[in-house]
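Just follow the structure's listing: the first ligand is 1, and inside any ligand the first atom is 1. Quick caveat: nothing in here was measured; it's all calculated off a predicted structure.
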Amino acid sequence: MIIPKGSKLSGEQIAQVECIANDFDCSILEIQGRNRCVYAILGDEGREVMFKRIAGLSFIRSVDMIESPYKLMDKRSGLSDHVIKLGKEEIGGSFPFIIGGPCTIDPDQPNLYLETAHALKECGVNALRGGVWKPRTNPYSYQGDSKALEIIVQARDETSLPIDIEVMDLEQLKIALEAKVDILQIGTRNALNYSLLKEVGRLSAGSDTSILLKRGRHVASPDEFIAAAEYLVAEGNPNVLLCPRGTTPALDGYRNHPDESITPLLKNRTWAPVIVDPSHSVGHSDFVKACSISAIAYGADGLCIESHIDPSKGIGDDPKQAITPGVMKELIACCKSVWENRYKA
Ligand code: PEP
Ligand code: MN
């Protein structure tokens with residue numbers, strides 16, 4: 001990875017670096033961070049002479065050769081101080097970043113979504129979630145509706161909160177980018193869909209769009225999860241949020257096996273923020289608060305929680321696992337107090 005002395009290289013400087021890289025059959029990719037750009041070397045980068053020639057250019061601060069399966073996501077990479085900003089908030093700032101909202105937006109009852117959005121804003125939620133298109137296990141279950149996108153966009157206009165929706169294919173991705181969705185969610189089922197990850201990274205490169213990458217239900221190791229995120233960054237978008245959400249086989253009584261304890265392992269290896277989803281981990285509204293507090297104690301930067309103004313009127317997962325805005329308010333207060341004290345004796 002190439003780190004420039006200034007905040008980014010000029011066109012002429014890029015051409016000079018590229019000229020050296022091309023001599024070694026490599027090319028470079030600009031990755032736009034919040035405060036500066038870094039440049040990844042694509043190709044067989046283990047060529048010391050190439051490194052020395054690039055490092056010798058007067059406008060280059062350093063060239064790092066990191067031995068890592070995920071050299072951009074690695075904590076030692078030039079992106080280690082990358083800060084992701086969403087709306088007014090920086091992730092990993094002085095309180096947990098909370099994404100809240102229903103599992104699924106009911107396109108026939110827009111008011112339920114809009115009322116939920118306003119109630120969650122009152123509770124201190126920092127971003128709104130809501131399923132527009134849904135990955136359903138059963139093909140006969142409700143699959144989503146593009147009309148729901150208009151509803152969540154209206155909620156953003158009314159509340160000024162950033163919005164998070166899941167995309168499952170290229171067509172949905174293009175529609176979401178067109179609508180300037182702030183957080184693109186890649187669900188557990190697509191967590192290892194490398195072609196989709198590449199398209200998401202490529203089409204959102206250079207923008208402020210963030211990507212919430214869920215941990216796949218069958219994703220084994222922390223490294224496999226981080227390597228999936230590397231696909232996004234390697235296409236040019238470093239605004240990646242890692243989202244543990246429970247794995248299979250489930251713990252008897254929960255929907256999945258809660259995996260918030262993976263957080264310290266991720267934080268040891270990568271700079272990316274961790275946003276835990278307790279709702280899909282435990283799958284029952286009664287257990288969401290405990291799982292949320294536990295996630296923050298383990299060092300998570302935030303939470304993505306399903307919440308609905310009246311869960312019994314919701315669709316998708318909402319009747320069983322959404323919490324009410326009242327519970328969300330208590331949960332946020334508890335999590336803030338754990339956050340403030342988590343590294344104190
Ligand atoms: C969701 O967020 O509603 C969802 C379907 O998540 P996951 O991909 O984690 O199951
Ligand atoms: Mn859901």
Inset, instruction - For R245, counting its heavy atoms only, list the atoms of ligand 1 lying under 4.0 Å from any of them. - result: 7 (P), 9 (O), 10 (O)
Legend entry - Working for side chain to side chain donor-acceptor pair (under 3.5 Å), residues D310 and S312: CA-CA 6 Å; D310 184 349; S312 66; 2.7 Å; yes
Legend entry - Face-on cation placement of K198 at Y231 ring, 6.0 Å and 45° thresholds: no
Inset, instruction - Tell me yes or no: between the side chains of T159 and H118, is some donor less than 3.5 Å from an acceptor? - result: no
Inset, instruction - Number the atoms of ligand 1 from 1 as they appear, then name those within less than 4.0 Å of a heavy atom of R189, with their elements. - result: 10 (O)
Inset, instruction - For atom 6 (O) of ligand 1, find the nearest protein heavy atom and state the residue, atom name and distance (0.1 Å precision). - result: K214 NZ, 3.0 Å
Legend entry - Those atoms of ligand 1 less than 4.0 Å from some heavy atom in K134: 1 (C), 3 (O), 5 (C)
Inset, instruction - Using distance alone, determine whether R129 and ligand 1 share an N or O pair under 3.5 Å. - result: yes
Legend entry - Short side-chain donor-acceptor distance under 3.5 Å, D74 and S68: yes
Legend entry - Residue of the set D277, N256, D259 for which side-chain hydrogen bond (donor to acceptor under 3.5 Å, both in side chains) holds with R215: D259
Legend entry - Atom OH of Y70 with >12 non-hydrogen neighbours under 6.0 angstrom: yes
Inset, instruction - Would you list the protein N, O or S atoms within less than 2.8 Å of the Mn ion (ligand 2), leaving out water? - result: C103 SG, H280 NE2, E306 OE2, D317 OD2
Inset, instruction - Indicate yes or no: does an N/O atom of T188 lie under 3.5 Å from an N/O atom of ligand 1? - result: yes
Inset, instruction - Can you sort out which atoms of ligand 1 are near C103, meaning under 4.0 Å from one of its heavy atoms? - result: 3 (O)
Inset, instruction - Examine the side chains of S294 and E260 and answer whether a donor and an acceptor come within less than 3.5 Å of each other. - result: yes
Inset, instruction - Using non-hydrogen atoms of the residue, decide whether E166 is closer than 4.0 angstrom to ligand 1. - result: yes
Legend entry - Other residues, nucleotides, ligands: >12 heavy atoms within 6.0 Å of K180 NZ: no
Legend entry - Short side-chain donor-acceptor distance under 3.5 Å, R136 and Q143: no
Inset, instruction - Show which atoms of ligand 1 fall inside a sub-4.0 Å distance from at least one heavy-atom site of G187. - result: 8 (O)
Inset, instruction - May I ask you to check whether E306 has an N/O atom sitting below 3.5 Å from an N/O atom of ligand 1? - result: yes
Inset, instruction - Looking only at protein heavy atoms, identify the closest one to atom 4 (C) of ligand 1 and say how far it is in Å. - result: H280 NE2, 3.4 Å
Inset, instruction - Could you tell me whether the side chain of T270 and the main chain of K267 form a donor-acceptor pair under 3.5 Å? - result: no
Inset, instruction - Let me know which of H280, H308, K134 forms a side-chain hydrogen bond (donor to acceptor under 3.5 Å, both in side chains) with D317. - result: H280
